[in-house]
Peer 1: 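Quick one: the structure is below, and I'll ask about it shortly.
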Amino acid sequence: MSGIDGLPPLREVIARHELRARKALGQNFLLDLNLTARIARTAGDLSGMDVLEVGPGPGGLTRGLLAEGARHVLAIEKDARCLPALAEIAEAYPGRLSVIEGDALRIDPLAHLTPPIAVCANLPYNVGTELLVRWLTPEDWPPFWTSLTLMFQREVAERIVAQPGSKAYGRLAILAQWRTEARIVLTLPPEAFTPPPKVSSAVVHLRALPEPRFPAPAAVLERVVAMAFNQRRKMLRAALRGLHPEIEDLLTSVGIAPTERAEQVPLEAFCALACAVEAARRG
Ligand code: SAM
């Protein structure tokens with residue numbers, strides 16, 4: 001029996017269900033339930049909230065979320081081998097855990113969730129970044145979630161919270177900081193996982209702001225930022241040439257020197273530029 005619930009320790013669960021970690025699914029499991037409860041706490045007060053968990057695996061973080069009082073956890077897991085272990089957790093927490101087998105990139109979980117909704121996940125990093133960008137870029141704001149608490153490679157976490165002038169500053173920083181308050185709440189060494197990955201990890205907590213920090217048309221901002229950082233060493237007048245025939249004038253009109261590089265430009269100026277591009281297109 002483990003300390004946070006009456007269920008068996010995760011090592012025993014993994015051995016009994018023969019859940020050998022699969023590299024192709026990015027499986028690095030958290031087996032320390034005190035640690036998973038701690039991660040769940042970084043998500044904030046979960047009582048009265050539904051939690052969307054992506055990639056529960058053998059259920060370490062799931063158990064943390066339930067023990068910390070989540071009203072209901074909806075877990076989406078691609079690896080069918082994990083389902084019997086997750087069913088045991090569902091039995092121990094009647095009516096509070098639902099599991100969907102499948103690829104989180106293809107499943108729309110909204111029909112199964114009731115607001116307020118928090119998202120919490122320890123995902124393979126490539127899937128995590130793709131989902132993060134999707135969650136940050138819906139057309140309408142506020143989004144379906146009030147917070148995202150996500151484990152990333154430490155280097156990716158640093159890109160999310162990066163400030164202008166740093167190497168890490170780029171598309172992820174702009175998209176995250178435009179509409180959320182993002183901070184790193186925990187860093188973990190490779191040994192926290194079984195098997196250990198090659199690099200350190202970090203948990204990022206992103207709280208959805210009621211409104212974006214600065215007005216901007218979302219699709220245009222995304223395009224401007226993607227182009228600007230795609231060629232981050234180039235001056236903006238060159239990197240953004242394809243965006244509008246009068247890009248130099250537009251840059252100047254919002255106070256950005258056309259010779260500036262993307263890395264130096266603050267979020268507010270990118271938002272102003274997106275508005276100027278949109279206005280110029282409308283003529
Ligand atoms: N949450 C567990 C933990 O912390 O121990 C497992 C974390 S492990 C890093 C990632 C989990 O995501 C694995 O269980 C893997 O099978 C699952 N997974 C990988 N790709 C997925 C996808 N596209 N959709 C849903 N689950 C996925």
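All residue numbers refer to positions in the sequence shown, counting from 1. Atoms within each ligand, like the ligands themselves, are counted from 1 in listed order.
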Peer 1: Measure Pro56 to ligand 1 on non-hydrogen atoms and call it side chain, backbone, both or neither using the 4.0 Å cut-off.
Peer 2: backbone
Peer 1: Do side-chain atoms of Trp141 reach the backbone of Pro212 as a donor and acceptor pair under 3.5 angstrom?
Peer 2: no
Peer 1: Report, as yes or no, whether the 6.0 Å neighbourhood of atom CZ on Arg81 holds more than 12 heavy atoms from other residues, nucleotides or ligands.
Peer 2: yes
Peer 1: Mark yes or no for whether Glu181, through its side chain, and Arg207, through its backbone, hold a donor-acceptor pair below 3.5 Å.
Peer 2: no
Peer 1: Any N or O of Asn122 that comes nearer than 3.5 Å to an N or O of ligand 1?
Peer 2: yes
Peer 1: Could you list which atoms of ligand 1 come closer than 4.0 Å to a heavy atom of Ile76?
Peer 2: 25 (C), 26 (N)
Peer 1: Considering heavy atoms of the protein only, find what lies nearest to atom 9 (C) of ligand 1 and give residue, atom and distance to 0.1 Å.
Peer 2: Gly26 O, 3.1 Å
Peer 1: In the protein, what heavy atom is nearest to atom 16 (O) of ligand 1, and what distance, to one decimal place, separates them?
Peer 2: Glu77 OE2, 2.6 Å
Peer 1: Give the residue and atom name of whichever protein heavy atom lies nearest to atom 11 (C) of ligand 1, and the separation in Å to one decimal.
Peer 2: Gly55 O, 3.5 Å
Peer 1: With a 4.0 Å cut-off on heavy atoms, does Gly102 reach ligand 1?
Peer 2: yes
Peer 1: What protein heavy atom lies closest to atom 13 (C) of ligand 1? Include the residue and the distance to one decimal.
Peer 2: Gln27 CG, 3.6 Å
Peer 1: Does Val127, backbone or side chain, put an N or O under 3.5 Å from an N or O of ligand 1?
Peer 2: no
Peer 1: What protein heavy atom lies closest to atom 27 (C) of ligand 1? Include the residue and the distance to one decimal.
Peer 2: Lys78 CB, 3.7 Å
Peer 1: Could you check atom 20 (N) of ligand 1 against the protein and tell me its nearest heavy-atom contact, residue, atom and distance included?
Peer 2: Pro124 CG, 3.7 Å
Peer 1: Using a strict 4.0 Å cut-off to heavy atoms of Asn28, name the atoms of ligand 1 that fall inside it.
Peer 2: 7 (C), 8 (S), 9 (C)
Peer 1: State whether the side chain of Asn28 and the backbone N or O of Thr194 hold a donor-acceptor pair below 3.5 Å, judged by distance alone.
Peer 2: no
Peer 1: Distance check, rounded to the nearest 0.5 Å: Ile117 atom CD1 versus Leu74 atom CG?
Peer 2: 9.5 Å
Peer 1: Using a 6.0 Å cut-off, check whether atom CZ of Arg11 has over 12 heavy atoms from anything other than its own residue.
Peer 2: no
Peer 1: Would you please classify the geometry between the Tyr169 ring and the Phe229 ring as parallel, tilted or perpendicular, with 30° and 60° separating the classes?
Peer 2: perpendicular
Peer 1: Look at atom CZ of Arg16 and say whether more than 12 heavy atoms of other residues, nucleotides or ligands are closer to it than 6.0 Å.
Peer 2: yes
Peer 1: When you compare ligand 1 with Leu30, is there at least one nitrogen or oxygen pair between them that comes in under 3.5 angstrom?
Peer 2: yes
Peer 1: Taking 4.0 angstrom as the limit and counting only heavy atoms of Gly57, give me the atoms of ligand 1 inside it, by number and element.
Peer 2: 14 (O)
Peer 1: Give yes or no for whether the N/O distance cutoff of 3.5 Å, strictly under, is met between Ala104 and ligand 1.
Peer 2: yes
Peer 1: Hey, does Cys82 sit under 4.0 Å from ligand 1 if you only count heavy atoms?
Peer 2: no
Peer 1: Within the 4.0 Å heavy-atom shell around Asp79, which atoms of ligand 1 are there?
Peer 2: 16 (O)
Peer 1: Decide whether an N or O pair under 3.5 Å exists between Asp103 and ligand 1.
Peer 2: yes
Peer 1: In Å, rounded to the nearest 0.5 Å, how long is the span from CG of Asp50 to CG of Leu65?
Peer 2: 12.0 Å
Peer 1: Are more than 12 heavy atoms from other residues, nucleotides or ligands located less than 6.0 Å from atom CZ of Arg213?
Peer 2: yes
Peer 1: Spell out, as yes or no, whether a donor-acceptor pair under 3.5 Å connects the side chain of Thr36 to the backbone of Gly60.
Peer 2: yes
Peer 1: Please work out, at 4.0 Å between heavy atoms, whether the side chain, the backbone, both, or neither of Glu53 comes within that distance of ligand 1.
Peer 2: side chain
Peer 1: Among Arg38, Arg41, Arg63, find the one that has a side-chain hydrogen bond (donor to acceptor under 3.5 Å, both in side chains) with Glu68.
Peer 2: Arg41
